[in-house]
Amino acid sequence: MNDGTTDGRSGRGDAGPDRRLIIGGGLAAVLLAIIGATGGWVLAGDRKPTTPLSADATGGPTPSAQPTTSPPRSRPTPAAKPSSAAPAQPTGLTVPDLVGMDFEEAREELRDRGLGWRFVFGRGNSSSVRSTNPEAGTPVKRGITVVVNVAGAAPPNEVPDLIGDDCSDAKDRLVDDGFSPRYPTGKSGTVTAQDPPDGTMRQWNDIVSIWCGTA
């Protein structure tokens, strides 16, 4: 019978070297696995993090960062500048009622109010005023011309002698006689010539020219 020993050594001891090899190989594998994991972690720590691809890398448009803009500030409304032109003050002056009045009397009424006049004559023998423009009662400013429509024709009048008169005095005489003065050489000095000459019969509103200056 065999008691389980061979040459003084037990049967379990015969498998000892192989078992040590297996254990040693297992430990080596474990160590290699730990070293590999550690090296991988170290390498992973040294590697820079991967940057995600931008849209340019994929061929698509790269969205640009939208700048933050603050809402536009409202500009202050400029204050209205006061108008330099003062409003026209009412003068209280109105066109007098001249209808039915003799046109020469109507002229004096206008002159007394500082208003100008222009006669428009009609036909016939009546010297009365038929209408005015502006009408009676219309507010007006001093110096405007009132058109006076006379029912009859313009009466005749004689041209006065104006030679040697001061130009301003000659003008007043012509206006009083119903003529319209003209000044070919200006309005200063004395009258050296006139046209038509004195004594000529003309009608109201006809033009009389006077040459004023140095004789």
Side-chain angles (χ1 to χ4, degrees), residues 76-215:
T77 303
K81 295 182 178 180
S83 175
S84 58
Q89 298 295 328
T91 61
L93 184 63
T94 60
V95 177
D97 186 5
L98 306 175
V99 176
M101 190 179 298
D102 183 84
F103 76 89
E104 290 194 59
E105 294 178 358
R107 180 182 65 174
E108 297 306 315
E109 287 287 337
L110 294 172
R111 179 181 287 172
D112 291 344
R113 287 169 171 76
L115 302 175
W117 62 88
R118 182 169 67 87
F119 292 120
V120 178
F121 293 96
R123 298 180 180 180
N125 298 323
S126 175
S127 62
S128 62
V129 175
R130 183 171 56 189
S131 63
T132 61
N133 186 16
E135 297 180 351
T138 303
V140 291
K141 293 181 179 180
R142 190 175 303 276
I144 74 160
T145 298
V146 177
V147 178
V148 180
N149 296 297
V150 183
N157 207 349
E158 184 178 346
V159 176
D161 182 9
L162 304 171
I163 304 298
D165 288 352
D166 181 78
C167 196
S168 180
D169 294 339
K171 178 205 70 173
D172 292 340
R173 290 182 62 187
L174 289 173
V175 170
D176 287 341
D177 289 346
F179 298 112
S180 296
R182 295 293 183 273
Y183 312 94
T185 57
K187 299 181 180 181
S188 61
T190 58
V191 178
T192 58
Q194 68 178 74
D195 183 37
D198 64 286
T200 305
M201 296 301 297
R202 289 289 187 268
Q203 292 180 321
W204 278 66
N205 288 349
D206 283 351
I207 294 174
V208 176
S209 298
I210 52 177
W211 282 257
C212 301
T214 304

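Treat the numbers as computed from the prediction; the structure is a model and nothing was measured.
- No donor-acceptor pair under 3.5 Å is formed between the side chain of R118 and the backbone N or O of N205.
- Considering all non-hydrogen atoms of both residues, Q203 and F179 come closest at O-CE2, 3.6 Å.
- V175 and P181 make their closest contact through CG2-CD, 4.2 Å (heavy atoms, listed as atom of the first residue, atom of the second, distance).
- Atom CG of residue N133 and atom OG1 of residue T138 lie 8.5 Å apart, to the nearest 0.5 angstrom.
- In plain terms, the two heavy atoms of F121 and P155 that are nearest each other are CE2-CD, 3.9 Å.
- Between L174 and S180, every side-chain heavy-atom pair lies at or beyond the 4.5 Å cut-off.
- Note that OG1 of T192 is 11.5 Å distant from CG of L162, once rounded to the nearest 0.5 Å.
- Of all heavy-atom pairs between P96 and L115, the closest is CD-CD1, 4.4 Å.
- For CD of E135, the number of neighbouring non-hydrogen atoms (other residues, nucleotides, ligands) closer than 6.0 Å is 12 at most.
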Task: Check against side-chain contact (heavy atoms from CB on, under 4.5 Å), Q194 and V159 - done: CA-CA 10 Å; Q194 68 178 74; V159 176; 3.7 Å; yes

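- The two residues G199 and E158 have their closest heavy-atom pair at CA-OE2, 3.2 Å.
- To the nearest 0.5 angstrom, K171 atom NZ is 13.5 Å from D165 atom CG.
- A side chain to side chain donor-acceptor pair (under 3.5 Å) with D102 is found for one member of S128, S126, S127 and no other, namely S127.
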Open item on the list: side-chain contact (heavy atoms from CB on, under 4.5 Å) for I210 and Y183? Distances and angles first, verdict last.
Closed with: CA-CA 6 Å; I210 52 177; Y183 312 94; 3.7 Å; yes

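- The shortest non-hydrogen separation linking G186 to C167 is O-SG, 4.0 Å.
- For the residue pair D195 and S209, no side-chain donor N or O sits within less than 3.5 Å of a side-chain acceptor on the partner.
- Remark: side-chain polar atoms of T185 are not paired, donor with acceptor, to backbone N or O of W211 under 3.5 angstrom.
- Judged by distance alone, the side chain of N157 and the main-chain N or O of D177 form a donor-acceptor pair under 3.5 Å.
- Within 6.0 Å of CG in N125 there are 12 or fewer heavy atoms belonging to other residues, nucleotides or ligands.
- Here the CD-CD distance, from E109 to E104, works out to 13.5 Å after rounding to the nearest 0.5 Å.
- A salt bridge links R111 with D176; the closest basic N to acidic carboxylate O contact falls under 4.0 Å.
- The closest donor-acceptor contact from the side chain of R113 to the backbone of R142 lies at 3.5 Å or more, if one exists at all.
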Open item on the list: Run V148 and L110 through side-chain contact (heavy atoms from CB on, under 4.5 Å) and show every step you take.
Closed with: CA-CA 10 Å; V148 180; L110 294 172; 3.8 Å; yes

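- Although no hydrogens or angles enter the test, the distance criterion places a donor-acceptor pair under 3.5 Å between the side chain of T190 and the main chain of G213.
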